Amino acid sequence: MPLSIRIIGTISITSGMIINLMSHRKLISLKIKLNSLLLLLILFSIPSQAQDHSQLQQLLSPFSGIPHIKLAYQEKRFSIFFKQPRLYQGTIEYISPDTLIKSVETPDRKKFVLQQNTLSIYEHNIEPDDTSDPINKVSLDDYPQLKQLKTLFIALFQGDTDQLVKFYQYKIHHLANNTTRLVLKSLLNNPLIDDIPSSLSKQQIDIVFQHQRIIKILMKGLGGERSEVIFNYE
């Protein structure tokens, strides 16, 4: 009988220890889960730096609300097909809400008008209006890279941060002499273009600001293709 009692007692004590140990492990596991959940809640409650566009808004704010902008430019185009860069000069004009006019004075005198979803090309001395006959007229749907560039320039000249971040990821670099460099790369999930070509997805655009002005735009493409545009405010 005493042996039986010891065995039962031993079994009871061992069972109790096992039950207590299992309960302790469950409690530890529950605490870990709660701590993990609390950490996730804290992380998601902190605003993501990627979603904070205040610096970009500050950079573009001087252009907001301006109905008409006209800038003289000089452009260098570099290509593997030319030994020397090709030089262009003329003016770029923005007319609210969605018109861009690029007038090339040298070497080929042409006027390119981007309005809504259409590119119209005119002789240089023609003032585009509803009665003007363009040399050529194409839909921007057939030229996705040009379509996105138009969207970029409209967003810049309107100071429209929301429009810009729909199509580009960006980084802002603060340099000396009150100069800022905005680096843009196309988003892969682009709402403007269904099937992004590799030439557009790998394109990088650097925009240099100084004293609340755009002074230079550098566009880098595939295979060494690039274009450098310098604006003249004099």
Side-chain angles (χ1 to χ4, degrees), residues 56 59-77 86-168 170 182 184 186 190-193 197 199-200 203-209 212-221 225-233:
L56 183 62
L59 193 62
L60 300 184
S61 61
F63 305 97
S64 181
I66 300 177
H68 184 206
I69 298 174
K70 189 172 183 178
L71 300 173
Y73 76 90
Q74 292 180 334
E75 180 180 8
K76 291 182 181 180
R77 293 184 190 174
R86 301 192 71 180
L87 304 178
Y88 300 83
Q89 66 179 25
T91 60
I92 292 179
E93 188 173 1
Y94 161 71
I95 302 173
S96 180
D98 69 341
T99 299
L100 287 175
I101 302 174
K102 182 178 182 180
S103 299
V104 182
E105 296 175 0
T106 60
D108 302 316
R109 295 172 64 84
K110 291 288 187 297
K111 187 168 290 187
F112 302 87
V113 180
L114 292 162
Q115 191 171 34
Q116 297 179 351
N117 201 41
T118 303
L119 166 64
S120 301
I121 304 174
Y122 297 86
E123 294 290 353
H124 184 271
N125 59 342
I126 295 294
E127 289 299 326
D129 56 34
D130 294 337
T131 61
S132 302
D133 293 325
I135 301 172
N136 197 4
K137 196 171 187 177
V138 297
S139 171
L140 295 185
D141 291 332
D142 298 328
Y143 300 90
Q145 187 166 344
L146 185 58
K147 186 175 185 177
Q148 182 152 322
L149 278 176
K150 175 182 181 282
T151 304
L152 168 62
F153 276 95
I154 293 293
L156 285 174
F157 290 140
Q158 289 181 343
D160 191 343
T161 304
D162 294 336
Q163 187 74 355
L164 192 66
V165 298
K166 282 182 183 179
F167 309 109
Y168 292 95
Y170 70 91
L182 175 65
L184 301 171
S186 295
N190 193 322
L192 190 67
I193 305 168
S199 60
L200 185 57
Q203 183 187 63
Q204 176 175 310
I205 301 174
D206 291 13
I207 305 174
V208 181
F209 298 78
Q212 299 184 339
R213 290 176 172 179
I214 300 174
I215 61 171
K216 182 189 295 185
I217 296 178
L218 178 62
M219 291 176 279
K220 304 173 185 177
E225 301 284 336
R226 61 188 176 95
S227 173
E228 181 181 290
V229 179
I230 299 175
F231 295 104
N232 184 3
Y233 288 87

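Quick caveat: nothing in here was measured; it's all calculated off a predicted structure.
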Atom pair CD1 (Ile230) and NZ (Lys76), whose distance is rounded to the nearest 0.5 Å: 6.5 Å
Point-to-point distance, once rounded to the nearest 0.5 Å, from CD of Gln89 to CG of Leu87: 9.0 Å
Interatomic spacing from CD1 in Ile207 to OH in Tyr168 - rounded to 0.5 Å: 8.0 Å
Beyond-backbone contact of Phe167 with Gln148, side-chain heavy atoms, under 4.5 angstrom: yes
Closest non-hydrogen atom pair between Tyr88 and Pro107, with its separation: CD2-CD, 3.3 Å
Side chains of Thr118 and Lys137 in contact at under 4.5 Å (non-hydrogen atoms): yes
Side-chain heavy-atom pair Leu59, Gln212 within 4.5 angstrom cut-off: no
Neighbour count above 12 (heavy atom, 6.0 Å) for Gln74 CD: no
Side chains of Met219 and Ile217 in contact at under 4.5 Å (non-hydrogen atoms): yes
Full working for side chain to side chain contact (heavy atoms under 4.5 Å, CB included) between Tyr143 and Leu119: CA-CA 10 Å; Tyr143 300 90; Leu119 166 64; over 6 Å; no
Residue pair Gln204 / Leu218, side-chain heavy-atom distance below 4.5 Å: no
pair Ile205-Leu152: side-chain heavy atoms closer than 4.5 Å: yes
Gln163 versus Thr151, side-chain donor and acceptor atoms under 3.5 Å: no
Least distance between heavy atoms, Ile69 atom then Phe63 atom: CD1-CD2, 4.4 Å
Inter-residue atom distance Leu60.CG - Leu182.CG, 0.5 Å rounding: 7.0 Å
Nearest non-hydrogen partners of Ile214 and Phe231, listed with the distance: O-CD1, 3.6 Å
pair Leu140-Leu114: side-chain heavy atoms closer than 4.5 Å: yes
What side-chain donor-acceptor pairs closer than 3.5 Å can you find for residues 90-103, not counting sequence neighbours?
| unit_1 | atom_1 | unit_2 | atom_2 | d |
| --- | --- | --- | --- | --- |
| Glu93 | OE2 | His68 | NE2 | 2.6 |
| Tyr94 | OH | Gln158 | NE2 | 3.2 |
| Asp98 | OD2 | Gln116 | N | 3.4 |
| Thr99 | OG1 | Gln115 | NE2 | 3.2 |
| Lys102 | NZ | Glu75 | OE1 | 3.1 |

Contact check, side chains of Leu71 and Asn232, non-hydrogen atoms, under 4.5 Å: no
Distance-minimising heavy-atom pair for Val229 and Tyr73: CG1-CB, 3.9 Å
From CZ (Arg226) to CG (Asp206), nearest 0.5 Å: 11.0 Å
Spatial distance of atom CG (Asp141) from atom CG (Asn117) [nearest 0.5 Å]: 4.5 Å
